Amino acid sequence: MSLIVQKFGGTSVGTTERIKAVADKIIGFRQQGHSLVIVLSAMSGETNRLIGLAKEMQIEPDARELDVLVSTGEQVTIALLCMALKARGQEARSYTGAQVRILTDNAYTKARIQEIDVERMRADLDQGMVVVVAGFQGVDEDGNITTLGRGGSDTTGVALAAALKADECQIYTDVDGVYTTDPRVVERAKRLDRITFEEMLEMASLGSKVLQIRSVEFAGKYNVPLRVLSSFSDGPGTLITLDEDNSNMEQALVSGIAFNRDEAKLSIRGVPDQPGVASRILSPIGEANIEVDVIVQNVAADNTNDITFTVNRAEMSKAKAILQAVAEELGAREVVADNTVVKVSVVGMGMRSHAGVASKMFKALASENINIEMITTSEIKISVIINEKYLELAVRSLHAAFGLDK
Ligand code: ASP
Ligand code: MG
């Protein structure tokens with residue numbers, strides 16, 4: 001018998017039929033004797049529909065009113081699920097974020113949870129009720145409704161699990177777990193039984209968009225065991241935890257191959273090789289709120305530098321314009337932008353204690369004649385920037401080279 005927080009995403013509650021299927025699933029867990037707190041998203045497409053309505057009223061909708069509006073999506077699904085549970089003889093009670101009192105700061109549309117009042121939920125659980133909470137929303141100190149950012153229901157789930165000291169937080173979604181890479185790119189990708197928080201963060205930030213990144217950070221911080229599973233099929237899913245899997249003596253060197261198609265590369269060439277130059281180039285980019293990812297500097301024989309970095313593709317033109325202004329001030333030779341690059345990364349805790357991952361990676365890419373344009377490493381990740389036309393080939397060959405093929 002355990003206390004489990006289960007979050008069901010938008011596709012799992014996309015129709016009344018699906019909500020009934022979720023109710024049936026919950027009844028099954030109750031019959032196994034578990035205490036359950038359920039967190040729901042809005043019906044799939046609903047949040048986008050509401051944002052669309054808002055934009056018909058105001059080009060940039062007022063953030064406070066937008067939160068009042070978009071938080072209604074989750075209020076619909078929690079009530080419907082409770083009705084379905086009651087129709088099946090299971091006592092249940094729904095709560096909006098404000099009713100629970102999920103206290104957040106007042107940053108509308110991207111609020112952060114500060115505190116959760118667990119008293120009412122505990123009392124209901126003690127009476128054998130299923131508690132159903134609206135994801136994605138909270139309330140600030142002054143009673144204003146806030147929302148947590150797109151995909152925020154995952155974070156609600158993890159935060160409730162942390163506050164209630166639940167045994168596990170289960171995220172039910174339309175995939176049956178976290179894969180070694182995107183199965184649409186590599187057919188032989190396989191579901192991982194477990195992955196660490198750190199690995200998941202590297203995979204998630206690189207485009208394996210299974211979970212909202214913030215929810216994984218939150219789970220890691222409070223050490224909440226997090227499991228990703230399918231709402232539509234049975235199976236153990238993928239467990240995300242703090243521990244490396246010590247039961248497996250021959251731990252995989254690499255757990256997964258991640259990639260990001262949204263990269264663009266910018267170079268400023270022929271800048272003076274002097275202290276402060278990198279800062280003069282990158283500060284205005286940061287001030288414009290453009291996130292810089294991989295950075296490389298080469299020193300040329302004539303005592304000038306080339307500095308190259310990557311940004312999100314959508315921000316390339318903006319970054320290029322800023323860079324051109326800086327280039328003029330510094331008397332740089334030229335600015336070049338390229339929006340045909342992608343990032344491919346190998347991720348794994350195993351590389352902490354084993355050498356040779358980089359050379360194996362580069363060898364695999366070389367054997368396919370793939371040119372590496374930039375390289376960056378962290379403790380558990382090695383990333384390369386390559387031309388987009390090699391993306392599939394690179395991911396497939398790395399997946400095979402690191403023994404991840406099914
Ligand atoms: N309904 C919200 C969204 O679409 C929150 C969520 O689904 O997690 O972003
Ligand atoms: Mg979601």
Side-chain angles (χ1 to χ4, degrees), residues 5-16 18-19 21-22 37-55 60-61 63-82 94-100 102 104-105 107-113 116 131-140 144-163 169-175 178 200-201 204-205 207-219 224 226-232 237 240:
V5 174
Q6 300 182 323
K7 180 256 171 176
F8 290 87
T11 48
S12 319
V13 294
T15 62
T16 48
R18 287 201 168 161
I19 293 175
V22 169
V37 173
I38 309 298
V39 175
L40 298 184
S41 288
M43 289 175 155
S44 50
E46 179 63 6
T47 308
N48 287 338
R49 188 185 73 87
L50 293 169
I51 293 171
L53 293 179
K55 286 185 174 159
E60 264 190 54
R64 180 184 183 280
E65 302 313 323
L66 188 61
D67 277 358
V68 172
L69 179 70
V70 296
S71 61
T72 60
E74 276 73 11
Q75 194 168 334
V76 171
T77 50
I78 56 170
L80 291 175
L81 177 64
C82 283
S94 67
Y95 293 101
T96 65
Q99 285 176 314
V100 171
I102 297 180
T104 71
D105 59 21
Y108 298 120
T109 75
K110 48 176 187 295
R112 294 201 165 245
I113 297 175
I116 296 178
V131 175
V132 182
V133 178
F136 174 56
Q137 55 180 266
V139 65
D140 74 6
N144 298 301
I145 295 174
T146 56
T147 65
L148 309 179
R150 298 308 305 271
S153 301
D154 293 343
T155 298
T156 304
V158 173
L160 286 176
C169 178
Q170 302 179 338
I171 308 280
Y172 287 85
T173 173
D174 45 9
V175 294
V178 179
M200 188 62 211
L201 284 174
S205 63
S208 321
K209 297 187 184 88
V210 191
L211 287 167
Q212 196 200 32
I213 292 180
R214 253 174 76 192
S215 72
V216 181
E217 286 167 357
F218 211 108
V224 176
L226 188 59
R227 192 183 290 276
V228 176
L229 334 89
S230 163
S231 324
F232 307 112
I240 309 166

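Index from 1, following the sequence. These numbers come from a predicted model, not from an experiment. Ligands are counted one by one from 1 in listed order, and the atoms in each one are counted from 1 as well.
Of all atoms in ligand 1, listed by their number and element, those nearer than 4.0 Å to a heavy atom of Gly151 are 3 (C), 5 (C), 6 (C), 8 (O), 9 (O). Remark: ligand 1 atoms within the under-4.0 Å shell around heavy atoms of Ser41 are 6 (C), 7 (O), 8 (O). Taking every heavy atom of Glu74 and a limit of under 4.0 angstrom, the matching atoms of ligand 1 come to 1 (N), 2 (C), 5 (C). Annotation for ligand 1: atoms under 4.0 Å from non-hydrogen atoms of Arg150 are 3 (C), 4 (O), 9 (O).
For the residue pair Asp67 and Thr146, no side-chain donor N or O sits within less than 3.5 Å of a side-chain acceptor on the partner. The closest side-chain donor-acceptor pair between Gln212 and Thr155 falls under 3.5 angstrom.
Contacts of Gln212 with ligand 1, taken as heavy-atom pairs under 4.0 Å, are absent altogether.
Between Arg214 and Glu217 there is no salt bridge, since no side-chain nitrogen of the basic residue lies less than 4.0 Å from a carboxylate oxygen of the acidic one.
Within the model, atoms OG of Ser230 and OH of Tyr172 stand 9.5 Å from one another, a figure rounded to the nearest 0.5 Å. Expressed to the nearest 0.5 Å, how far OH of Tyr108 lies from CD of Glu65 amounts to 8.0 Å. Between atom OG of residue Ser41 and atom CG of residue Asp154 there is a gap of 7.0 Å, rounded to the nearest 0.5 Å.
Residue-to-ligand polar distances place Ser153 within reach of ligand 1: an N/O pair is separated by less than 3.5 Å. Considering both main-chain and side-chain atoms, Lys7 never comes within under 3.5 Å of ligand 1 through any nitrogen or oxygen pair.
Within the 4.0 Å heavy-atom shell around ligand 1 one finds Gly152.
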